[in-house]
2 protein chains.
Amino acid sequence: MPGQYLAAMYTYQYPRPALTVDCVIFGLGDESLKVLLIQRAHDPFAGRWAFPGGFVDMDEPTETAARRELWEETGIEDMFMEQLYTFSAVDRDPRERVVSVAYFALVKLANYKVTPGSDAQRAEWFPVSQLPPLAFDHDEIFKVALARLKGKVRYQPIGFELLPEKFTLGQLQRMYELILGRELDKRNFRKKILGMGLLLPLPERQKGVSHRAATLYQFDRAKYKALEASGFMFEI
Amino acid sequence: MPGQYLAAMYTYQYPRPALTVDCVIFGLGDESLKVLLIQRAHDPFAGRWAFPGGFVDMDEPTETAARRELWEETGIEDMFMEQLYTFSAVDRDPRERVVSVAYFALVKLANYKVTPGSDAQRAEWFPVSQLPPLAFDHDEIFKVALARLKGKVRYQPIGFELLPEKFTLGQLQRMYELILGRELDKRNFRKKILGMGLLLPLPERQKGVSHRAATLYQFDRAKYKALEASGFMFEI
DNA sequence: CCAAAAGTGTTCTTTATACACCCATGT
DNA sequence: ACATGGGTGTATAAAGAACACTTTTGG
């Protein structure tokens, strides 16, 4: 990184904000949409809950920083992630000027059933409708993240990131109902989603349920890519 | 700003990326959608065109920085602006690590007909289909900005920000056609947009045109706010 | 046999699309 | 008179919304 020296030559005279990342991770519980929070060990806001995050290193882009922090703090990796928004209010951190690039992630909660927490830190999944008061401006970050999820889930097939690889149409519909906050008509839903031709029915069926076993489906990513390229628009 | 002292106490040991803003400003010409570029006076990329932008001060949020830089470099103010994306590739600036928060702005070009340029800098409006090679990663920033504009203009009434306060339905339709890159049916377009009840017909008509004078309309922002709050979705 | 979710079609309403001619104005 | 864009309605097709019963499985 020759930049280190050049930085001094060109710009050392200007103070710079600190740069951090914060991650809003959504997971799908049995009865609610959830987000992962970490309890802060130190001041400011010691004891309060906050989204996992941390400082951006000089040799990594912000998304890499977000994935690294998430892995360090929770052990979660390889999830769907996209940039959410950059929060830069001058007083958002009481210590000093900190600008934070927030990320928005979706995980298959079944893969992380046990409450995460690698350091001494406590991490816990909270239903989105029952969040404790959050540190810093994380309440605002959460609002933006939830709005993004609700807005996006209808027009891009990101909802599948919350489900296991193999899922039933019932699970899929419940996922949409939980996120959108309203009920969907079962027959119309199935007609629409199957009509897209993006769900591969598997030769397997659900097991161990005390009712008729449902067909398992898989989302056909390759087919979606192809259709998307030729102008197809996903919509629920 | 007590943060200045605290910053030294807590975090002076970590190097920080520089933080800048860049603004992609769209305006509507007679025959094309345009963006404002500034020709760089100094290295790196001396002589190349780039989006206006600059460093974020310690006492201003990024959007304020974007508006300030834009005013300083072009004299444009009070335009529609929203955050676009934060670009953080490690080598995006050859001198040192610079993270840039890009903004996306829409202006009523008629108000800025003369080529702007307040400093010694040259500023010019370029049709989006004929951009010169840009400095830094600004080609990528532009791609993201144009995609955002195309995607958003259909679902939010931001297109009006590109037109004068009073406009004809012909101007409105041409605006959508230029941005979306396809022709719209005149009768269907009028039926749809007038059907929303968001356009106030004015008792005035177009003047000095060598054809039948069109009715002038105004976008009813108050009514849109009300409808939006009760679940109405704008769509072209 | 009961509970619980899976699975399945049709009707009606709403919205989208395709399409052609006369009108007003300035040159 | 002609060139230019303004202004108007209808018919057809497609998509969305509403709606109820039978099937399968485990307990």
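These numbers come from the heavy atoms of this one structure, side chains and all, not from hydrogens, waters or symmetry mates.
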Calculate the interatomic distance between [X] atom [atom1] and [N] atom [atom2]; express it in whole Å.
{"X": "Ile193(A)", "N": "dG16(D)", "atom1": "CD1", "atom2": "P", "value": "12 Å"}
{"X": "Leu194(B)", "N": "dG7(D)", "atom1": "CG", "atom2": "C1'", "value": "11 Å"}
{"X": "Arg190(B)", "N": "dG6(D)", "atom1": "CZ", "atom2": "P", "value": "6 Å"}

Arg148(B) and Glu82(B) ion-paired at < 4.0 Å: yes

ring-ring contact (aromatic ring centres under 6.0 Å, His included) partners for Phe126(B), two or more places apart: Trp49(B)

Results of ring-ring contact (aromatic ring centres under 6.0 Å, His included) for Phe51(A) - residues two or more places apart only: His138(A)

Residues which pass side chain to side chain contact (heavy atoms under 4.5 Å, CB included) with Glu69(A), listed by chain and number, not counting sequence neighbours: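 Once residues adjacent in sequence are excluded, the partners of Glu69(A) under the side chain to side chain contact (heavy atoms under 4.5 Å, CB included) criterion are Val21(A), Glu72(A), Glu73(A).
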
Partners passing side chain to side chain donor-acceptor pair (under 3.5 Å) against [X] (at least two apart in sequence or in another chain):
{"X": "Arg190(A)", "value": "none"}
{"X": "Arg154(A)", "value": "none"}
{"X": "Ser88(A)", "value": "Thr62(B)"}

Interface residues of residues 165-177 of chain B with DNA chain C (non-hydrogen, below 4.0 angstrom): none

Letter per nucleotide, 5' to 3', of nucleotides 17-27 of chain D [B base touched, S only sugar-phosphate touched, - untouched; heavy atoms, 4.0 Å]: BBBB--BBBS-

Expected list for residues 192-211 of chain B: side-chain donor-acceptor pairs under 3.5 angstrom, two or more places apart:
{"residue": "Glu204(B)", "atom": "OE2", "partner": "Lys166(B)", "partner atom": "NZ", "Å": "2.8"}
{"residue": "Arg205(B)", "atom": "NH1", "partner": "Ala213(B)", "partner atom": "O", "Å": "2.9"}
{"residue": "Arg205(B)", "atom": "NH2", "partner": "Thr215(B)", "partner atom": "OG1", "Å": "3.1"}
{"residue": "Gln206(B)", "atom": "OE1", "partner": "Ala214(B)", "partner atom": "N", "Å": "3.0"}

Covered region of DNA chain C, 5' end to 3' end, by chain A [heavy atoms, under 4.0 Å]: dA3(C) to dT10(C)

Review item, side-chain donor-acceptor pairs of residues 228-236 of chain B, under 3.5 Å, at least two apart:
{"residue": "Ser230(B)", "atom": "OG", "partner": "Ala226(B)", "partner atom": "O", "Å": "3.2"}
{"residue": "Ser230(B)", "atom": "OG", "partner": "Leu227(B)", "partner atom": "O", "Å": "3.1"}

Identify every side-chain donor-acceptor pair in residues 178-186 of chain B under 3.5 Å, counting partners at least two apart or on other chains, and give the distances.
{"residue": "Asp185(B)", "atom": "OD1", "partner": "Arg187(B)", "partner atom": "N", "Å": "3.1"}
{"residue": "Asp185(B)", "atom": "OD1", "partner": "Asn188(B)", "partner atom": "N", "Å": "2.8"}
{"residue": "Asp185(B)", "atom": "OD1", "partner": "Asn188(B)", "partner atom": "ND2", "Å": "3.4"}

